[in-house]
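Notes to accompany the following structure.
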Amino acid sequence: MLLSLLSWPWRMLRNVATGGSAAKAKAAAEARAALEEELRQEHDALCAKVSGEVGEVLSETERATLAVGDHLNRIVNDAREFIGQVREDVGSLDSDEGEGVSAQLERQAHKVTEFLEELRSVICMQREAAARVQRVADEVATATESVSAITCAARVLCLNTMVEAARLGDAGHPMIVIGDNMRGLSEQIAETNVRISESIAELRPTLLDVDKSTESAAQRTTEFRAEFEREATEVGAVADHLRTMACSILGAADTKVAAIVDCSGNAIQGLQTQDIISQRLRHAVKLLGAGVENVPTRVSAAPDPVGPVGPVASSAPVAPVATSAVAPVNESDASPANADPSKPANTSASDVYLSNSLASGEERELEAGDVMMF
Amino acid sequence: MSKILVVDDSSTMRQQVRQALAPSGIDIVEATDGQDGLNKAEADAAIDIVVLDVNMPRMNGIEMAEALNKSGRMAKGLNVVMLTTEGHADLIQRAKAAGAKGWIVKPFKPEMLLAAVNKMAN
């Protein structure tokens, strides 16, 4: 009994000590919970702030990317429009329908050549006509000489008739009258003949002048034709040069447009890469803001990927996506020409590849820029 | 008049696709995710080509392709080409099994996308 009385204070103290530890533990747990809650709230606030800031940055980036894409498209369209205008202007120098400047020059040269040929023919005909007129004049001169001789003979015959008629006396009187009339007619014929001869004589110098001038015109036409043919040859050379120049300009224009389109294509791929990275960043921000468990995973190769399937950190599809997103940043890797010539697994022989980088070969995943048609 | 439906949750990507396909002269309609795209494809019979992203909210591209195949829309002449950053062969096979006609990996060259769409249109 004494022992129980002596041990009573010690039992009391022990009970007090045990009750105090439980309270302390409870208090510590409550403090820890409060601290965790406070940290969680600070974390959520920080995540919300970061999400907001990053979201704003991404939105601005997106707007800038859209604007750059717009400008690039405008550049390509302006280049195409410019080249179209150049093609139209240069096409006027030479066109397939033969309406170009060079074709017109050649046609004009051909027309002039034809005209000169016609002129030469006309001059020849004129010279022949002048020669015929000369011959006729000569024949007329010969004829007038004959007529002159005839009129002289007629006059002599008239005189003889009048002499004989005078010898006959009164019986010969009518013969005198006839002879006198005949003499008058002969004199008229002779006078007319003289006028014809004089006219022919006047005509001869004119015919000579005509002949000289037609000969001069023929010679000048021949000389001009020779000179024009030399110039027509030069015009032909200029026309050929214009054609060559037009082809060269159009070829250079096409090459330049192709280069601009190709360069803008590379730039557009760069913009797309930027957008892909932005999307990745949004996804990461979602992870940060909503918690890992609540963010839906990316599509996996499994047949039924509906909804979240677990922590994103362990989801395999993220890895190849990150790879394909990073790889195209280096434009040379994005070029189909630099890709390995291979064919993804499990594809049939009927699959057609638009990209020339893909062909039968070892298995690999498709890379940035690859196109596969089934 | 035929139409192209572009389904992608990125407005930048939709813009790039629209600009790349503008030379085709075909009208272009946009959707922001798989569900929106499915509704538009089912509602508009003039849509005969779909350019479809894979990773999207609400409904991803593979699911949308499978839904279109199941509803018989593809049997009525709808052609689907996937346009995505993914390149894994298993995903490609799944899309092919769902009736897709092609697979293009982003970032794409505009002329390649246009060639693929023209090939389907012809």
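Bear in mind the structure is a predicted one, so any value in this text is a computation, not a measurement. Every chain is numbered from 1 and lettered A, B, ... according to where its sequence line falls, protein lines coming before strand lines.
- Looking at B/Q16, only its side chain comes within 4.5 Å of chain A, counting heavy atoms on both sides.
- Dense packing is recorded around CD of A/E42, with more than 12 heavy atoms of other residues, nucleotides or ligands lying under 6.0 Å away.
- Side-chain contact, A/Q274 with A/T61: no donor N or O sits under 3.5 Å from an acceptor N or O.
- In this structure, a donor-acceptor pair under 3.5 Å is present between the side chains of B/Q35 and B/N39.
- Of the two parts of A/D70, the backbone and the side chain both hold a non-hydrogen atom closer than 4.5 Å to a non-hydrogen atom of chain B.
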Query raised in the report: Where do B/T85 and A/R280 land on the side-chain hydrogen bond (donor to acceptor under 3.5 Å, both in side chains) test, with the steps shown first?
Result: CA-CA 11 Å; B/T85 54; A/R280 296 287 179 271; 3.0 Å; yes

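- For chain A, the nearby part of B/M120 is the side chain; its heavy atoms alone come within less than 4.5 Å.
- Contacts between B/S11 and chain A at a heavy-atom distance below 4.5 Å involve backbone atoms as well as side-chain atoms.
- A salt bridge links B/D8 and B/K106; the closest N-O separation between the charged side-chain nitrogens and carboxylate oxygens is under 4.0 Å.
- Neither the backbone nor the side chain of B/A97 comes within contact range of chain A; no heavy atom of the residue lies under 4.5 Å from a heavy atom of that chain.
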